[in-house]
Every structure is written in structure tokens, then in C-alpha cells.
Q: 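I'd like to ask you about the structure that follows.
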Amino acid sequence: MKCTRCRAKAEVQLRAHNAGFCRPCYLFYFRRQVERAIAGERMFTPGERLLVAVSGGKDSLALWDVLADLGYDTTGLYLGLGIGAYSEQSHTKVAQFAQRRGLALRVVAFEEEAAGLAVPAVAAATRRPPCSACGTMKRHHFDAAAIDGGFDVLVTGHNLDDEAARLMGNVLRWQKDHLARQRPVLLPTHPRFVRKVKPLYLVSEYETAVYAFMRGIDYIVDECPNAAGAAQLLYKDVLNRLEVASPGTKLAFVKEFLRTGQPAFAQTEREAPRDCEGCGMPSYGPLCAYCRLVREVQSKASAGASALA
Ligand code: SF4
Ligand SMILES: [Zn+2]
Ligand SMILES: [Zn+2]
């Protein structure tokens, strides 16, 4: 196959786009995809300060790489979840990337916030699935770090596969609230929220993997051990099978939802949040989900301590 742009020998074939690229043209294409998403959805402008959530995986590091190359003012945010070797290795990958590229990195380690707040400990204390506890804690710390650091935008590396799998999950249960908020740009609904954007929302996992490989980005290949068995992986598998049979399915699923389906759900969006009485962050009840979780952990810990006394 020949490169769609320059007719040299193609190194990558993208069936969903009916295109192939040599290495330099692929890097050009990938950056253009990101630039188009940013411009098309008015995600941010060159003068704004971006906080890029980086997990150590290929998507977030590839995104940070592109944004830095495009000249944006970026700072990375790494959350230390406390999930054993996975967390240690992913932290190392992020720190090495930031150092090599000379980029600023902020690190928030859950277990250093207060005792017992590593994800496995919170999940055990509250008897919640680890991903549920983790999701609540991540959302809180992303929002808090963005506002505390004076950033304009929180940028995440969710890709097309993530968005398609999430959409499938939301549709299968007709989760109207979630469908109302599934967009590549979320505008703040509270003074302590910042804009949240996903510049890779139309770029597939395969495309970011190829970009990361070509750029020599050293990322963590292993998934979080808690990901195994998660519904998201099942949806991704189903979508991949559909994609093989009919290339472009994922792209059409997400794009058409955003164009035709999402506006109908957006009208049902819930009311604006108020201030959490515990931490001051936005909340839909007296206490936000994070503060409720932390209090539950603390009350279990004190109950455990008094039982031992
Ligand atoms: S798989 Fe679950 S526990 Fe692991 S990082 Fe993702 S949400 Fe957190
Ligand atoms: Zn080419
Ligand atoms: Zn709170």
C-alpha cells in the first residue's frame, strides 16, 4: 500500500479512514487530527493553561507529547492511586517522560492525602468495587488540582475506543444523565470546575499506540490489575469485532451520537451543583461523593480502632 499523502511506501493502514501513511506523514496526520479536534470543538486557545491528566499509558503521554509540540502551556497531573507495582511503574514512566521533555509535572498521591486512602484500602473499607472508589477519588482530585493550580482547562486522554465503549455502556442502560454529559468538551457548571476536554475523542487506541511507538514514547503497557473483568473491556471487545467486520463503525457510532443523539439528552442535564460542606468543591448533595467516601473510610477506621482497644 502507498502513503495517501506522499505515495511513498505506507507503514500504517487505517481502514476506518480508508488511508495509509508513511512514518513522517502519519505523525503529521496524527497531529492534525488532534489540532482539528481542538479547533473544531473550541477546546482551548494558545494563551490558556492546560492541566493534562497523565496515567503513564500511551494515550495520555501521546496527547501530552502532541500538545507540547504544538506549543501549548501544559502541566502534567499524575495521580498516585496506590495500586502496588502498577502505580509504581506508571509513576516512573510519567516522571521519566516529563523529565526527558522538560515538562512540569504535579503528583498527588492518595495515600499521602490521609491514611487509608490508597484505592485498594478504600475499596476494602467501603466494600465498593475498586473502580467505583477510584473513579470518585480521581474525579475529585482532577477537579481540585485544576482549580487549586489556577488552570483554565483539564485535558484527558480518552480516545475513540474509550468513548465508544462508554457510549455503548450508557446506551445499554439508557443512562440519560450520563448521555447528557458525554461530550468532548464539558463547560464548567460551578466556579470550582474548569472546562474539561478530550482532544483524542476521535482518535483510536490503535492510532495512539502507533504514534507513541513512532515517537519512542516509553509508556506502561500493562493495564491496571483492576481493569480485568470490567464491563468497559467487554464493550471494547464487542466494538472491535464490529470494527473488523465493518471498518469505521466506532467512529460513526460516536460522531453520529454527538451530532444527532446527544443534543436531545443534553436538555435533560441535571441542575447546577452547590458547594460541598466538607471540601467546598461542587456537589449535588450536602457532601460531595469524595467527602462521603473519605468519611466512610475514616468511620470504619475509628470503629476498627475502638474494637481493638
Ligand atoms: S481500572 Fe479501575 S482501579 Fe484501575 S485505574 Fe481504572 S478505575 Fe482505577
Ligand atoms: Zn507519506
Ligand atoms: Zn467534598
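Both counts, for ligands and for their atoms, begin at 1 and track the order of listing. These numbers were taken from a predicted model, which means no experiment stands behind them.
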Q: Report the part of Glu223 in contact with ligand 1, treating N, CA, C, O as backbone and CB onward as side chain, heavy atoms under 4.0 Å; options are side chain, backbone, both, neither.
A: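 Glu223 to ligand 1: no contact under 4.0 Å from either part.
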Q: Taking the side chain as every heavy atom from C-beta outward, state whether Val153 and Leu51 have any atom pair closer than 4.5 Å.
A: no
Q: Of the protein's non-hydrogen atoms, which lies at the shortest distance from atom 3 (S) of ligand 1, and what is that distance?
A: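 Its nearest protein heavy-atom neighbour is Asn226 ND2, 3.4 Å.
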Q: Look at the N, O or S atoms of His140, main chain and side chain alike, and state whether any lies under 2.8 Å from the Zn ion (ligand 3).
A: no
Q: Can you tell me, to 10 degrees, how wide the angle at the Zn ion (ligand 3) is between SG on Cys291 and SG on Cys279?
A: 110°
Q: Determine, for Asp69 against Arg101, whether the closest basic-nitrogen to carboxylate-oxygen distance falls under 4.0 angstrom.
A: yes
Q: Measuring centre to centre across the rings, with the benzene-like ring taken for any Trp, is Phe265 within less than 6.0 Å of His178?
A: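 Between Phe265 and His178, the centre distance exceeds or equals 6.0 Å.
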Q: Taking the six-membered ring for Trp, are Tyr26 and Tyr211 ring centroids under 6.0 Å apart?
A: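 No, the ring centres sit 6.0 Å or more apart.
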Q: By number and element, which atoms of ligand 1 are closer than 4.0 Å to a non-hydrogen atom of Ala227?
A: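 By the 4.0 Å cutoff, the relevant atoms are 1 (S).
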Q: Taking the inter-plane angle between the rings of Phe97 and Trp64 on a 0 to 90° scale, is it parallel (under 30°), tilted (30 to 60°) or perpendicular (over 60°)?
A: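 Ring orientation of Phe97 relative to Trp64: tilted.
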Q: Please walk me through it: do Lys196 and Asp143 pass side-chain contact (heavy atoms from CB on, under 4.5 Å)?
A: CA-CA 9 Å; Lys196 290 173 195 159; Asp143 291 329; 2.9 Å; yes
Q: Could you list which atoms of ligand 1 come closer than 4.0 Å to a heavy atom of Leu81?
A: 5 (S)
Q: Among Cys134, Cys131, Gly135, Cys224, whose heavy atom sits nearest atom 8 (Fe) of ligand 1?
A: Cys134
Q: Can you name the atoms of ligand 1, numbered from 1 with element, that are less than 4.0 Å from a heavy atom of Lys138?
A: 5 (S), 6 (Fe), 7 (S), 8 (Fe)
